[in-house]
Amino acid sequence: MKIQLLSAAVLAGLVFSCTDNQTPEMAVSEKAPELKKSMRSLRVTGDQTVAVYMAEYITIDAATGNTVFFNDRGNKQLSADFVPLDPRRGGRANITYLVDDEFTSDNGLTAAELEQAIDNGMNTWDAEGCSNLGITKVPYSGNSGFVSSSLGFGGDITLDADIQHSGFLPRAFFDALAPGGGDFILGVTFTLLWQDGAGNFTDIDNNGKLDVAFREIYYNDKFSWNTDGNSYDLETIALHESGHALSQAHFGKAFRSGGNGKLHFSPRAVMNAAYSGVQRDLKSTDHSGHCSNWSSWPNN
Ligand SMILES: [Zn+2]
């Protein structure tokens, strides 16, 4: 289905730092003004609208990832999740995803290699025995990417899946998330929420979590990507971003070792906020985070 831009009010916003382990050089953008200006309500179908709620990004090891909230809900930032059997998503019990195979990238990887790396990341989460998400890949039918389109990075606005791997974008896109972000952000997941008729976010299943309409994932074209086990490993980042797309937050405390200042995490996990090498398998905290959220799906 197609989405059309509304001339809706620009979201008032605040930037909320969710980590206590960030270092000064990667403090999140004061206002991310360019991005905020572009985060308008979108009409999905009929009178149903959505808006961007937050973005979670992962960085190279010179920085630590962060979460940017685009919508001011007072000082309370709620988590967000898909609603089982949500009629606004067609009443489905499964979770769908697509891969934009018109990835623009000069990293030397073929479209097939890119797609396989992303499929592998999705399949790793789907293989978790505690959950039964029925993750289903759906065909890509056009330029996905509400966020990229609204920021002028191309594509019309197509919503075909719950999780949209919407391609590689130039560094300038990531500069909108944090000062100089294009130089250290590897990937980002945007969470878009359903709005009610008054423009408020909803919680129709009364679980204390805002209802997710869909999520969009972007990768930074500035970096050199690989699928042969060298950094930066696309499957590692695809697995991490897909974790966000399945409602997992960052996990693990960052610290730097004395000698070379190398970034480490405790515990090491796929959902650490920065890249610390190839990680194609889920660690225990990734597993427990996933299972606590999804084990009862679609019955919660
Ligand atoms: Zn992340």
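The model shown is predicted, which means the values in this text are computed figures rather than measured ones.
Every residue two or more places apart in sequence or in another chain was checked for a salt bridge (Lys or Arg N to Asp or Glu O under 4.0 Å) with Glu128, and none qualifies. Qualifying salt bridge (Lys or Arg N to Asp or Glu O under 4.0 Å) partners for Lys283, counting only residues two or more places apart in sequence or in other chains: none. Applying the salt bridge (Lys or Arg N to Asp or Glu O under 4.0 Å) rule to Asp86 yields the partners Arg88; only residues at least two apart in sequence or on another chain are considered. With sequence neighbours excluded, no residue forms a salt bridge (Lys or Arg N to Asp or Glu O under 4.0 Å) with Asp286.
No close placement of the Trp297 and Phe82 rings is indicated, their centers lying 6.0 Å or farther apart. Aromatic ring centres of Tyr218 and Phe168 lie farther apart than the 6.0 Å criterion allows.
For the pair Thr236 and Arg280, the minimum side-chain heavy-atom distance is below 4.5 Å. The side-chain heavy atoms of His264 and Ser276, taken from C-beta on, include no pair separated by under 4.5 Å.
Asn207 and Asp81 are not linked by any side-chain donor-acceptor pair at a separation below 3.5 angstrom, with hydrogens and angles left out of the test. Between Tyr275 and Thr59, the side chains place no donor N or O within less than 3.5 Å of an acceptor N or O (distance only, hydrogens not considered). In the model, Lys209 has a side-chain atom that pairs as donor or acceptor with a side-chain atom of Asn293 under 3.5 Å. A donor-acceptor pair shorter than 3.5 Å can be found between the side chains of Asn94 and Thr136. Side chain to side chain, Asn120 and Gln116 meet the donor-acceptor criterion of an N or O pair below 3.5 Å. Side-chain contact check for Thr189 and Glu56: no donor-acceptor pair (N or O, by modelled atom type) lies under 3.5 Å.
Hydrophobic clustering places Val278 together with Leu186 (ILVMFWY residues linked when any side-chain heavy atoms are closer than 4.5 Å, directly or through intermediates).
Cluster note: Ile204 groups with Val83 through ILVMFWY side-chain heavy atoms spaced under 4.5 Å, whether in direct contact or through intervening members. Through side-chain heavy atoms spaced under 4.5 Å, either directly or across other Ile, Leu, Val, Met, Phe, Trp or Tyr residues, Phe255 is tied to no other residue.
Asp233 places no side-chain N or O within donor-acceptor distance of the main-chain N or O of Thr227, the cut-off being under 3.5 Å. Of the possible donor and acceptor atoms, one in the side chain of Tyr53 sits under 3.5 Å from a partner among the backbone N and O of Leu78.
To the nearest 0.5 Å, atom NZ of residue Lys253 and atom CZ of residue Phe265 are 10.5 Å apart.
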